[in-house]
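Convention: sequence-line order gives letters A, B, ...; per-chain numbering from 1.
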Amino acid sequence: MADLIMKDVAKAYGEVKVLSNINLDIKQGELIVFVGPSGCGKSTLLRMVAGLESITSGTLSIDGRVVNEVPPAQRGIAMVFQSYALYPHMTVRDNMAFALKIARKSQDEINAAVENAARILQLTPYLDRLPKALSGGQRQRVAIGRAIVRDPKVYLFDEPLSNLDAALRVATRIEIAQLKENMPDSTMIYVTHDQVEAMTLASRIVVLAGGGISQVGTPLDLYERPENEFVAQFIGSPAMNLLPGEIVETGPETVVRLSVGGLVRTAVPTRDSDKGLKVNVGARPEDMVPTEADEHLFEGTVGITEALGEVTLLYFDKKGEAAQVIAKLPGIHAGLRHKTLRLAADPKKIHLFSNGRSLLYR
Amino acid sequence: MLGLGGRKSPLVWVMHLSVLLLVVLWTLPTAGLFITSLRTADQISVSGWWTALSSAERNAITRTPDGSAETQVGDRYVIAGNVLKNGGEVVAFGRSSLKPTQFKPGEVADLGDGITLSVKADGSYELSGPTKLEGGQRIFYTARTPPAFTLGNYAHVLSANGMLRAFMNSLTVAVPATVIPILIAAYAAFALAWMPFPGRSLLIAIIVGLLVVPLQMSLIPILTLYNDIGKATAVDAHGVIGTLMHYSGLGQMSDDGTQIGLNPKSYLGVWLAHTGFGLPLAIFLLRNYMVGLPREIIESARVDGATDFQIFTRIVLPLSFPALASFAIFQFLWTWNDLLVATVFLSHQQDSLVMTGKLKDLLGSHGGDWEILAASAFISISVPLLVFFALQKYLVRGLLAGSVK
Amino acid sequence: MLQQLITAGLTIAVGITAAFGYFYGSNILLDLIFPSKAPGDRGTRNIRRAGVIRPWLFVGPAVLALTLYLVYPVVDSIWLSFHGRDGHEFVGLKNYIWFVGDARIRAAFLNNLLWLLVVPAASTFLGLVSAALTDRIFWGNLAKSLIFMPMAISFVGATVIWKFVYDYRAANQTQIGLLNAIVTWFGGAPEAWITVPFWNNFFLMVILVWIQTGFAMVILSAALRGIPEETIEAAVLDGANGLQIFFRIMVPQIWSTIAVVWTTITITVLKVFDIVYAMTNGQWDTDVLANQMYVWMFEGGGDYGRGATIALIIMLLVVPIMIWNIRNARREMEGR
Amino acid sequence: MFGKFLTAVAGLALVAGAASAADLKFKPGTDPQRFHWDSYDAFAKSHKLDGQTLTIFGPWRGEDQTLFESVLAYFEAATGVKVNYSSSENYEQQIVIDTQAGSPPNIAVLPQPGLIQDLASKGFIQPLPDDTKQWLLDNYAAGPSWVTLSTYKDKTGTPKVMAFPFKIDLKSLVWYSPGNFKDAGYKVPQTMEDLKALTEQIVKDGGTPWCIGLGSGGATGWPATDWVEDLLLRMQPPEVYDGWTTNDVKFTDPKIVDAIKEFGWFALNDKFVDGGSKAVATTDFRDSPKGLFTSPPKCYLHHAASFIPSFFPEGTKLGQDADFFYFPPYASKPDLGRPVEGAGTLVFITKDNPAADAFIDFLKTPIASEVWMAQSSFLTPLKTVNVAAYANDTMKKEGQILLDATTFRFDGSDLMPGKIGAGAFWTGMVDYVGGMSADNVAAEIQKAWDGLK
């Protein structure tokens, strides 16, 4: 029902184009996460959905109705702001009731909705406090409660967790996930720059970069089959290693000679004409395994190691112009520092990019 | 805050001392006025107000009554009395303006023809002579008087005829002339800060420019306009509208009593004039404040379905309370202390005189009575001060409530 | 008296209700004309139309009042400035030529520049200092009230107060002016302060600074409280001392408020003539343009042409501040 | 119901108002040796204007207002007219605004002929009836002087009698304390030469002869213009004075500069003035006469107009504690006679109605003057009044000077255009006592005057 469709949506401030060619089809019940580096326009896009920014061109429709000119309140959306944007002069109860009062709902209806939301968010004891008497997490819950109370078709979250500390962030993240679980029919759009949030919450992720959509897909899609170097590096932590090289063998499996010296085989199929093509070989740190074999992806001296308990991160000394290579080994590996290590990876987990785009998607 | 990190006592002392210095500098002139208002005109003109607390030595002249007041004591005719009316002590006296301190108290001065004058330290004097006295003799004396204060100046000002009326008139002028411009300015400031519309920045520019229009420039054009309106609205004085206008005080009867038009000199006119003159600054200050409100709060309200009108009344207005309160104080002070606008746009009849006008009146046609000026200045600032102290509490509270960001 | 009470109460109530009523009523009316709840596109269109009109409902009364009470007189003055003293005879640029050539006006102009430099700077600075200091001591509110007090005193009252400060008596007499009393107490010779050339300007300016500091303090104090504590704490950790924190961390953060205060006081300076009028009437070379305007406009039957010319020049003087403020406003708008 | 209530309230207010109007200071018919009640009765009989209203705007406030209102009470009682008198601190400015904006009072009263001329030439003043000129010639001492003062050019430039002089102040007076004179053995000087000699004598005796204060807020400087005018009248024929007020004789004319310098002889000598010449410009004119009455006296002489006793210390008895003498003429110029400088208020009609005409008629009756004379601070050149009505001997003496005057001249600075008489002239005098040379001062004032043409 509550489908949200963006068609050729673009945004420009005068001459400056901020967003262009945004085409997106959001189904009811999805939790879509917009991610991207700061300045990529993800918040702007969200605000365009909310109706707080005008749409320069293209159409935005919710439930099959073009809403480009519809004021925010009538789009059936609710929004949770990064700074919570609680009304400082109203109690928690009044904050949550505000929208309903504006809509002239009956007092009983308002009370029921507010109390219901408060119960879901465990805010009942705080209903008569002013926002300044609440902690950051509580404020955030009030902001969410304010959205729930309105029972919107679409929830919009604008980096809702970025003002919270790490522990609270995780806890609130799970709360949001549960909230979604309890409201399977509601559509949510969630903006964040934190890819962990994106991966854990999203039913689909929209990666925005350079004023356009870089890739849309389920979290695992993006993880396993990034369309381009940007998505490949943006999703996953630490970012995917990219090593320049040249295709030396084509076919259903491709062999690439790396400029740093290694030779690597991947499951990516290539055409004959690709021989000699300059490519970037992508391998996620967690896919790298130490090897004694000749055929290796990379050989280098371990600079710094970070032992995180369940895994150990190895940062190899840089070689020439190439980017630093990082490997993530399961378990604890003490004493690898200053050792020279040879690494290989499962050919199925190796990506090939040419001119920034994955060869898989040609 | 500045003293964070231990070792703060010297800095704190410097801070307290400098505030004290500022406060003293800022209150000293007013304190002087206050003390002056408690002194008599003569005291004011001979000694500084800071000497009011010490006993003063001062030269004075008095005159004995004429011969009809004399009594006969033995073979001498005597006129007696006391030069001091309010206590004190005589330290010297004289009989001539050339030597006003010639004699010590108790000494006897020879005035010739057997007439003698003596003044005692307690001020009692005795003029005596062998024949009937003419009296009217001047006595020069130097008296040391203890500090004395009087409420006479205040009594004089407050008891002036029509002062209560003037007070009411001032309130009638000042309250709406404060509320109306704030209301109008708040709406305009909100639109200029948060509602996009074509020509907005031009309008802001014009308003900043209008800040500087001297109101003296507006007096004649506006009053002319008012008079024209009064003539244009003239209706039959005994009709329904005419009667209404008459009793509401809005109307002004024509000379022959048959027509009545809107009175060019009515409270409405003054309010609107004050509104017009106060608006640029009100809009300027309020817009500046409102622009600083967190944008997400307003957007949030918009998403919550509030119309612009609701956003304004339910969100922006309560959050702008500190700015509204401060401007209210300023505007009230201006309208309360204003004389020019009130005299031009209200008739100068006694019954519509405002406080400032009344106080000016008290000074007499030649002015210069400092004791009256001082007392009346204090009476006239009492109301604004009261307003300030009353609103200050809200001002601070409002500031704290508004600082959630 | 009873009638007066009733009329006063009624007029106050009517005046205020009418003002409220307009805004409430007009908005309801607008919503009735363009109902947003109308089905489909019409509702959307109505909302857009109402959105175009609504800002003008909000600024409407203000625009109307400003036009009537300020713009119209300004236009009138522009017209008058090309006419003779009774406002009828066209004289072309004669008044402007007179303005440029007149020695008294030139002196007033130069004095005005001095006022414009000194008074806003001094008031804002003292206001800032007192705001910063009083925010930090336990008797700060009391101190604030006392510093604010001159603001509540009318200009007439203020001049009386300062006459008791500047009063001059000959050397062999008791001084009743505070300043001369202090000077003579230290063994100096009394001085007729308001007649001392050049410096007397400053003695007059002190009065306005004395009045305006409270205004600056109240507004700046509100701004200072809005500064996030963290920035100050960060500066403390960075090893900044009190003064450095104040001038390098706090002042830059409230710069826009300082600009507002500065602008407001500058404009007050341009308009205020009461102080000069009452203290010296421009004698002993203390004239300012606002006083000259008043004198030419009203004294001796008035010369509307020249009075209007001076008023317009005073307005022109504010153009730079206006441009500055517009640029500030534009920057704010871009920043969002 | 509510309407009735309002009417009742209004009625109450009216009753309260009427009660005060009925208070007549002197009951008609009493004290016939001092008052011409017959003129009051005759006026009342011929002017019946019940229910009409008259608005008057004038310069009198405070005590003077009370006095004027006591006179108005007789007019109200005689005619039945309801008079609304009002004034304002800045009445000169107020009348300009009101006439210009089209809401003038019926009657206005102003002390500045220059300003009246200005209003007349803008067409804001109604001419008085044609017989007024003859009436002034017949009834006012030095009549022609008063006719000149009452005549103004209208919009078309035609001279017409437009203002009625009522309530005159005498300038040309020197105030002193008879007791102090007696103590020091000084005699009242009969000639200007004697006055100057007395000035020097006082200095020789160790005293200070003069108290001079020019301070008057925005009007600082005006007392000096009175000095210069008085001296000019005694140094030059009246024609020079008349020419000077119209600028036919320039300010830079040596005759004028000499008069300024003569004032300088008194004011610029540190020994002649209390506080030294520096104090002259800053001392308030209202404070300056107080020096006569201090112990020991700060000064012996004070040049001021007849209204100055209002500023004497409380309890000062005129005639006993304070007295005046006529500012004497030069023995060397006997042909100039005994010129008198004065000032006063002029009444004119700014919005005609029968009550306004009646009011002008009322001012012509002796009783209108006598009621005020019998209280205080009112002088008149009207020959028909009973001088016995004057409240005290000092006033009677002043009135006599007015009646005896061979030449009467109105305050020159009030006759000049406002920008000069109430502007450049004041400033010039302040500059002069501040040390600028008389020639430069005269040149500055003349330049300002040229700038007006």
| query | Is a salt bridge present between B:R302 and B:D308, judged by a nitrogen-to-oxygen distance below 4.0 Å? | reply | yes
| So do A:I189 and A:V206 actually touch side chain to side chain, heavy atoms under 4.5 Å? | no
| request: Residue by residue, scan residues 113-125 of chain A and write down, ordered by number, those that have a heavy-atom distance under 4.5 Å to chain B; if none do, write 'none'. | output: none
| query | Is chain B contacted by the side chain of A:R75, its backbone, both, or neither, given a heavy-atom distance below 4.5 Å? | reply | neither
| Between A:M90, A:R146, A:M79, A:R150, which has the largest tally of heavy atom pairs under 4.5 Å with chain B? | A:R150
| request: Test A:K27 against A:T187 for side chain to side chain donor-acceptor pair (under 3.5 Å), laying out the working first. | output: CA-CA 7 Å; A:K27 296 274 177 291; A:T187 312; over 6 Å; no
| Between the main-chain N or O of A:D63 and the side-chain N or O of A:D3, is there a donor-acceptor pair closer than 3.5 Å? | no
| Test side chain to side chain donor-acceptor pair (under 3.5 Å) applied to A:E53 and A:T44, step by step | CA-CA 7 Å; A:E53 296 276 359; A:T44 308; 5.7 Å; no
| request: Go through A:D94 and A:K101 one step at a time and tell me if the side-chain contact (heavy atoms from CB on, under 4.5 Å) criterion holds. | output: CA-CA 9 Å; A:D94 289 341; A:K101 277 186 191 160; 3.5 Å; yes
| request: Could you tell me whether the side chain of A:P71 reaches within less than 4.5 Å of the side chain of B:T307, counting heavy atoms only? | output: no
| note | So, the part of A:A78 with a heavy atom under 4.5 Å from chain B: the answer is backbone
